[in-house]
Engineer: 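Below you will find the structure I want to go over with you.
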Amino acid sequence: MSTMSARNDLMSGLMLAGLGALVFARATTFPALAGMAYGPGLFPSIAAIGLMICGALLTITGVRKRSVRVTRKPSDRRASGRIALLLLTVLGYGLLLEPLGFHPASILAVTSAACIFGLPLLRALLLAVLLTVLVHAVFYSLMHVPLPWGVLTPIAW
Amino acid sequence: MMTDLVWVFTNPWILLVVAACTFYGTFIGAMPGLTATMAVALLVPFTYFMDPMVAISAIVATTTTAIFAGDIPGALMRMPGTPASAAYVDDAHQRARQGKARSTLIVSLLGAAFGGLAGVTILAIMAPQLARFAIRFSSFETFWLAVLGLTCALLTSNGSVVKCFASLFIGLLIASIGIDVAVGYPRFTFGNYELFDGVSFIPAIIGLFALSELLRSVGAPKGELTMPSIREPMGAALASAARTLWRFRLNMVRSSTLGTLIGALPGAGADIAAWVCYAISRRCSSTPEAYGHGEIEGIVDGGSANNAAIGGAWTPALVFGIPGDSVTAIAIGVLLLNGMTPGPHIFTDSPLIVHTLYGAFALSNLMMIPVGLIAIALSSLVLRIPRRVLMPVVLLFSLVGAWAITGSTMAIWIVLALGIVGYLMEDNGFPLAPAILGIVLGGIVEQNFMTSMMKAQGNLLAFFDRPWAATLGGLTLLLWVLLLVRAIYPRPPSTPNATRDH
């Protein structure tokens, strides 16, 4: 457990420091306020410097605690796979929502998510259809959110 | 005020929405892993389309019931439904295994209702007094208050100080995206016009609290549900619970008061209140050795403290516009979207919203009792709803809810990005609460800093010129010293499992 957290500290420390450095580099290019030492770059710079300091401190603790390399358990790898698939589902939803329309995109996304969580395909599809009808009723009919119709635009009501 | 309260109690829309949210909050709170903050995050897209009075009532009813309902899986499965129930989960579970699940849960339900009512009463007494005094504050004092709020968020978060700071800076960075307040320069927008207004708040919290939770859930190993059998009839359980509460009535009063005050600290929420009151209860008890092994006394304390803290958390939100916890941070965002700025002026400018808030608290704590009893009676059925059905439902409501706010796929990208950020942060032990306070308070801090600097023509010492500004500034600097000391001499973590948001 402690080796795991040490490795994570090292990783997150380096990532935070890197992010801070990038933000800082960008923030120094912001224009200053006329006649004043502070401008739009001040607050991002403070946050960036803070991130660099935190990142450095975490990196140091990570390096100090590091001893044995940890090997990921197979169940761990399968879990990471499921996380990646769920992220892909959200990505696909964002890409398909407008061109394909709300209804097909939602059915696809829910079916995929339910399968990732372990529901058999047919039941996942049933859940997706029912849920899409429900969300249509709540958001489109009741709250008048202009959900995109996409390919179904000819039959939109 | 009385007429406003009568208006709340007789307004059919508010009654309907509070009733619906009472059921909704109970359901989400009772689901292990779905937190009260997440319940509110999923609710917010709906409140966007409501009248602000109804919206606030909905948020209040959802949090109140979700914090109580977190006790249900805590008792039955030893899995606290919300982190606020974690303090006394061992006691509750031990009692459930002795067959006393129902009476234990009724004790925490009635204790929660009492705590909630006490919390809102203290809020109603305390807030207007503080507001009368805060009305003289200028941008200098507001700046210090916001900084103080951020500092308290760091002080009260559990976990490593460095990670709390990092979380705060991530929040501040997200807050700085968009057109800047001083000269209107677009920052970190990469030429994307939709980011000029900043990262849209509601998709951001949906990503941080809902998508990150889904990612954690899909990565978690599938556990078997084992629930102790329930042997008590409801009537007998109710009678036994009433006797227990009468026996520990002083504990209830003590923890409700203390819980409200802890909740009123910016950054400290229901989970911290429950931990502190549980610890105090143990210290004052005549049977401290029984704590953790099924002692009901600590459940009375913790159960009333966490619900009292919800009311307390609204104090800094209403009076100073500075959120007391992540839920009030979201609520402030909702008020701002509706064109209302929380702060001392809200008591004179729109007293109806303040009184609606009090009324909604009273109403939802009363409605929670029958709904909670139903939930306790049916608890084993509710907990049998499989995760693989529930989670896809949460996913679609998250995505469509976020999309409804901006009307563009930018919302989905924000949910995706912040969902990944939230998941990585929690997975590596970074608390989320400082980040969300950073997102909400970042803009307030910067705006008041810039306004003050323009007034003082760049003289930094102006921040200590006015007496109250100097006091608040001094207090803030003192707390920073305290934080530094804590970072250099870290204490062993005394409250495990409390790093998560409630």
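In what follows, every heavy atom counts, from backbone to side chain, and hydrogens, waters and symmetry copies are set aside. What you see is a predicted model; the values in this text were computed from it and never measured. In what follows, chains are A, B, ... by sequence order, proteins preceding strands, each numbered from 1.
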Engineer: Quick check on B:Ile170 against chain A: is it the side chain, the backbone, both or neither that has a heavy atom closer than 4.5 Å?
Structural biologist: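 Both parts, backbone and side chain.
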Engineer: Give, as side chain, backbone, both or neither, the part of A:Phe30 having an atom under 4.5 angstrom from any heavy atom of chain B.
Structural biologist: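 When you check distances to chain B, atoms from both the backbone and side chain of A:Phe30 fall under 4.5 Å.
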Engineer: Select, from A:Ser112, A:Ser106, A:Gly94, the one with the greatest count of heavy-atom pairs under 4.5 Å involving chain B.
Structural biologist: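 Option with the greatest count: A:Gly94.
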Engineer: By a 4.5 Å heavy-atom criterion (distance strictly below it), what part of B:Phe49 contacts chain A: side chain, backbone, both, or neither?
Structural biologist: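 Contact with chain A: side chain only.
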Engineer: Select one option (side chain, backbone, both, neither) describing which atoms of B:Ile420 are under 4.5 Å from chain A's heavy atoms.
Structural biologist: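 Contact with chain A is through the side chain of B:Ile420 alone.
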Engineer: Checking B:Phe46 against chain A: side chain, backbone, both or neither under 4.5 Å from a heavy atom?
Structural biologist: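 It is both, since atoms from each part get that close.
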Engineer: Let me see the working for A:Tyr93 and B:Leu416 under side chain to side chain contact (heavy atoms under 4.5 Å, CB included), right down to the final yes or no.
Structural biologist: CA-CA 10 Å; A:Tyr93 192 70; B:Leu416 185 61; over 6 Å; no
Engineer: Going from CG on A:Leu147 to CH2 on B:Trp403, what distance comes out if it is rounded to the nearest 0.5 angstrom?
Structural biologist: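 Reported to 0.5 Å precision, the distance equals 6.0 Å.
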Engineer: If you compare all heavy atoms of B:Asp180 against all heavy atoms of A:Pro40, which two are closest, and at what distance to 0.1 Å?
Structural biologist: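 For B:Asp180 and A:Pro40, the tightest heavy-atom pair comes out as CG-CB, 3.4 Å.
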Engineer: In terms of heavy-atom proximity below 4.5 Å to chain B, should A:Leu127 be classed as side chain, backbone, both, or neither?
Structural biologist: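 Just the side chain, heavy atoms under 4.5 Å.
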Engineer: Using the six-membered ring wherever Trp is involved, compare the ring planes of A:Phe43 and B:Phe449 and label them parallel, tilted or perpendicular (cut-offs 30° and 60°).
Structural biologist: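 Geometry flag for B:Phe449 against A:Phe43: perpendicular rings.
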Engineer: Can you tell me how far apart SG (A:Cys54) and CZ (B:Phe169) are? Round to the nearest 0.5 Å.
Structural biologist: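 It is 5.5 Å, given to the nearest 0.5 Å.
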Engineer: Quick check for you: among A:Val135, A:Leu97, A:Leu91, A:Ile83, which has the greatest number of heavy-atom pairs under 4.5 Å with chain B?
Structural biologist: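 Ranked by contacts with chain B, first place is A:Ile83.
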Engineer: Can you say whether B:Leu173 sits under 4.5 Å from chain A via the side chain, the backbone, both, or neither, judging by heavy atoms?
Structural biologist: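 Both backbone and side chain.
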Engineer: Answer with side chain, backbone, both or neither: which region of B:Val445 has an atom nearer than 4.5 Å to a non-hydrogen atom of chain A?
Structural biologist: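 B:Val445 touches chain A through backbone and side-chain heavy atoms alike.
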Engineer: For the atom pair CG (A:Leu16) and CG (B:Asn428), what is the distance rounded to the nearest 0.5 Å?
Structural biologist: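 Separation between the atoms: 9.0 Å.
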Engineer: Considering all heavy atoms of both residues, which atom of A:Leu134 and which atom of B:Phe397 are nearest to each other, and what is their separation?
Structural biologist: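 Looks like CD2-CZ, 4.1 Å.
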Engineer: To the nearest 0.5 Å, tell me how far B:Glu446 CD sits from A:Ile46 CD1.
Structural biologist: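 So the CD of B:Glu446 and the CD1 of A:Ile46 are separated by 8.5 Å.
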Engineer: I'd like to verify something: which residue of A:Leu19, A:Thr89, A:Leu95 has the highest number of heavy-atom pairs under 4.5 Å with chain B?
Structural biologist: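 Max contact count across the listed options: A:Leu95.
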